[in-house]
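Small disclaimer: the values here were computed from a predicted structure and weren't measured.
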Amino acid sequence: MSSSAPLKIGITCYPTVGGSGILAAELGTELLARGHEVHFISYEKPFRLPADHPRVFFHPVTVNTYGLFKYPDYTLPLSVRMAEVARDHRLDILHVHYAVPHATAAILAREMLPPDHPVRIVTTLHGTDTTLLGRDPGYGPAIRHALERSDAITTVSEFLRRETINHLGVRCPIDVIHNFFEPGTPGRSRAEVRRELGVGDEALILHISNLRPVKRIDLLLEAAARIRPTDRFKLLIVAGEDFAPFQADVRRLGLEGRVIVRERINRVEDFLQAADLAMFSSETESFCLAILEAMCFGVPSVSTAVGGIPEVVADGTTGCLVPFGDPDALAAAAGRLVSDPALRQRLGAAGRTRAAELFSAARIVPRYVDLYRRVMDTPPSSGQV
């Protein structure tokens, strides 16, 4: 294949709110802009995928609920749909995000295709398929098999590459390709957004996440309650899921009037530009895309020094890192930034520069394209190492 010929790429991801779905949708959009043909295959459109893009192909997967099965099966219908799309559109690559069940389904799909159509499989790991499911004896061997049958494996951080080798014993080469973020244009001015949120002269602290247990919202709220002075900030939580389970903590900690919640927001640019700093209390993170999103808008972060976050944040230069599980340390670091606008501006400017230099679409997307072309120039994986 010519090194400049457009590629035909199928992308499968979890379409719900989360870093993997955001990355997959943004990658597809960037590949389209570079002249490639992109087909999304999933049970729903990824939530960040532009609904009106004239060249976005979306192929829904129908999940049946047969009485024969106690639980609905997704892997087999997904594999069939992948095979159909790969055959009908002559796909070159199936790029799957998460090993389970997506890489397994892609391997099944490839087995269904005729020998003259050896579609290549690229698997990108985002975290829990290694750090959680990879430790489970009911999943680990299947994940390892799926990875070793892939034509290429990528992880979003060096941390996750090491974890994958250590916990799964994968012997194949693993490329580290970090996440990227290409910010869109906010729809409203900073002043308009802050006015709508009821924020005046206070510093606006931003947290963006899907609220899953690993995000440790309990620690986030504990830290917020300890920030001094208490009347100099408000905490905006942009939640990918229902925040109601945490309202009791808000009341218990006396944070009524300090915490603002917005749920299931598709585009976060309005809130990023309105923020003064961001705060994250995660127990582990493979990368933390929300930190990068904030950096792109010159918003410094206070976060736990876990997982791949130290690969994103230069401690003391673009943000502040503290040990996990220490709400006092989080509160103290956030309090310094709340009280020192000049420090916020200095860290934020450095973060914006770091984001542009290391984590932009211009830097990251060509690495995926180079990887696609590399696997197209090699025989399909047989699973032998």
* Quick one: ring pair (Phe, Tyr, Trp, His ring centres under 6.0 Å) partners of His89, sequence neighbours excluded? -> His39, His59
* Verify same cluster id: Leu236, Phe243 (apolar side-chain graph, 4.5 Å) -> no
* Would you say Val199 and Leu272 are hydrophobically clustered, going by side-chain heavy atoms of ILVMFWY under 4.5 Å? -> yes
* Asked: Hey, quick one: are Ile208 and Val261 part of the same hydrophobic cluster, counting side-chain heavy atoms closer than 4.5 Å, chains of contacts allowed?
  -> no
* Let me see the working for Ser189 and Glu192 under side-chain hydrogen bond (donor to acceptor under 3.5 Å, both in side chains), right down to the final yes or no. => CA-CA 5 Å; Ser189 70; Glu192 287 176 311; 3.3 Å; yes
* Pair Asp370 + Arg373: basic N to acidic O under 4.0 Å -> no
* **Salt bridge flag under 4.0 Å for residues Arg352 and Glu357** => no
* Asked: So, are Arg144 and Glu148 salt-bridged, with charged N and O less than 4.0 Å apart?
  -> no
* Between Glu202 and Arg232, is there a salt bridge with N-O shorter than 4.0 Å? -> no
* Centroid separation Phe359 to Phe287 less than 6.0 Å -> yes
* Asked: Any link between Phe297 and Leu206 through a network of hydrophobic side chains (Ile, Leu, Val, Met, Phe, Trp, Tyr) touching at under 4.5 Å?
  -> yes
* Flag the pair Glu283 and Arg212 as a salt bridge only when some basic side-chain nitrogen lies within less than 4.0 angstrom of an acidic carboxylate oxygen. => no
* Asked: Is the shortest distance from a Lys or Arg side-chain nitrogen in Glu269 or Arg188 to a carboxylate oxygen in the other one below 4.0 Å?
  -> no
* To do: Answer yes or no: is there an ion pair linking Glu158 with Arg161, defined by an N-O contact shorter than 4.0 Å?
  => yes
* Work out which heavy atom in Asp73 is nearest to a heavy atom in Pro77; give both atom names and the distance. => OD2-CD, 3.2 Å
* For the pair Asp270 and Arg194, find out whether any cationic side-chain nitrogen is under 4.0 Å from an anionic carboxylate oxygen. => no
* Check: Arg190 side chain, Gln273 main-chain N or O, donor-acceptor pair, under 3.5 Å -> yes
* Asked: Taking all non-hydrogen atoms of both residues, which atom of Ile205 and which atom of Ala278 are closest, and how far apart?
  -> CG2-C, 4.4 Å
* Asked: Taking the six-membered ring for Trp, is the centroid-to-centroid distance between Phe40 and Phe57 below 6.0 Å?
  -> no
* Asked: Do His126 and Thr124 have side-chain N/O donor and acceptor atoms under 3.5 Å apart?
  -> no
* Asked: When you measure from the side chain of Lys234 to the backbone N and O of Gly198, does any donor-acceptor pair fall under 3.5 Å?
  -> yes
* **Trace of the ring-ring contact (aromatic ring centres under 6.0 Å, His included) decision for His97 with Tyr14** => CA-CA 8 Å; His97 296 261; Tyr14 287 113; over 10 Å; no
* **Leu211 reachable from Val268 in the ILVMFWY side-chain graph, under 4.5 Å edges** => no
* To do: Sort out for me which residue in Val170, Asp175, Leu371 forms a side-chain contact (heavy atoms from CB on, under 4.5 Å) with Ile153.
  => Val170
* Asked: Within a strict 4.5 Å, meaning less than it, do heavy atoms of the Tyr368 and Val122 side chains meet?
  -> no
* Strictly under 6.0 Å, is that where the ring centroids of His36 and Tyr372 end up? -> no
* Quick one: closest heavy-atom pair of Pro46 and Cys13, and the distance? => CG-SG, 3.7 Å
* Which pair of non-hydrogen atoms, one from Leu147 and one from Cys172, has the smallest distance, and what is that distance? -> O-SG, 4.4 Å
* To do: Output yes when a side-chain donor or acceptor of Arg120 lies under 3.5 Å from a complementary backbone atom of Pro118, and no otherwise.
  => yes
* Asked: How far apart are the C-alpha atoms of Glu263 and Ile237, what are their side-chain angles, what is the distance that settles it, and do they pass the side chain to side chain contact (heavy atoms under 4.5 Å, CB included) test?
  -> CA-CA 8 Å; Glu263 295 177 348; Ile237 298 177; over 6 Å; no
* Asked: In terms of side-chain geometry, is the basic nitrogen of Arg374 or Asp151 positioned less than 4.0 Å from the acidic oxygen of its partner?
  -> no
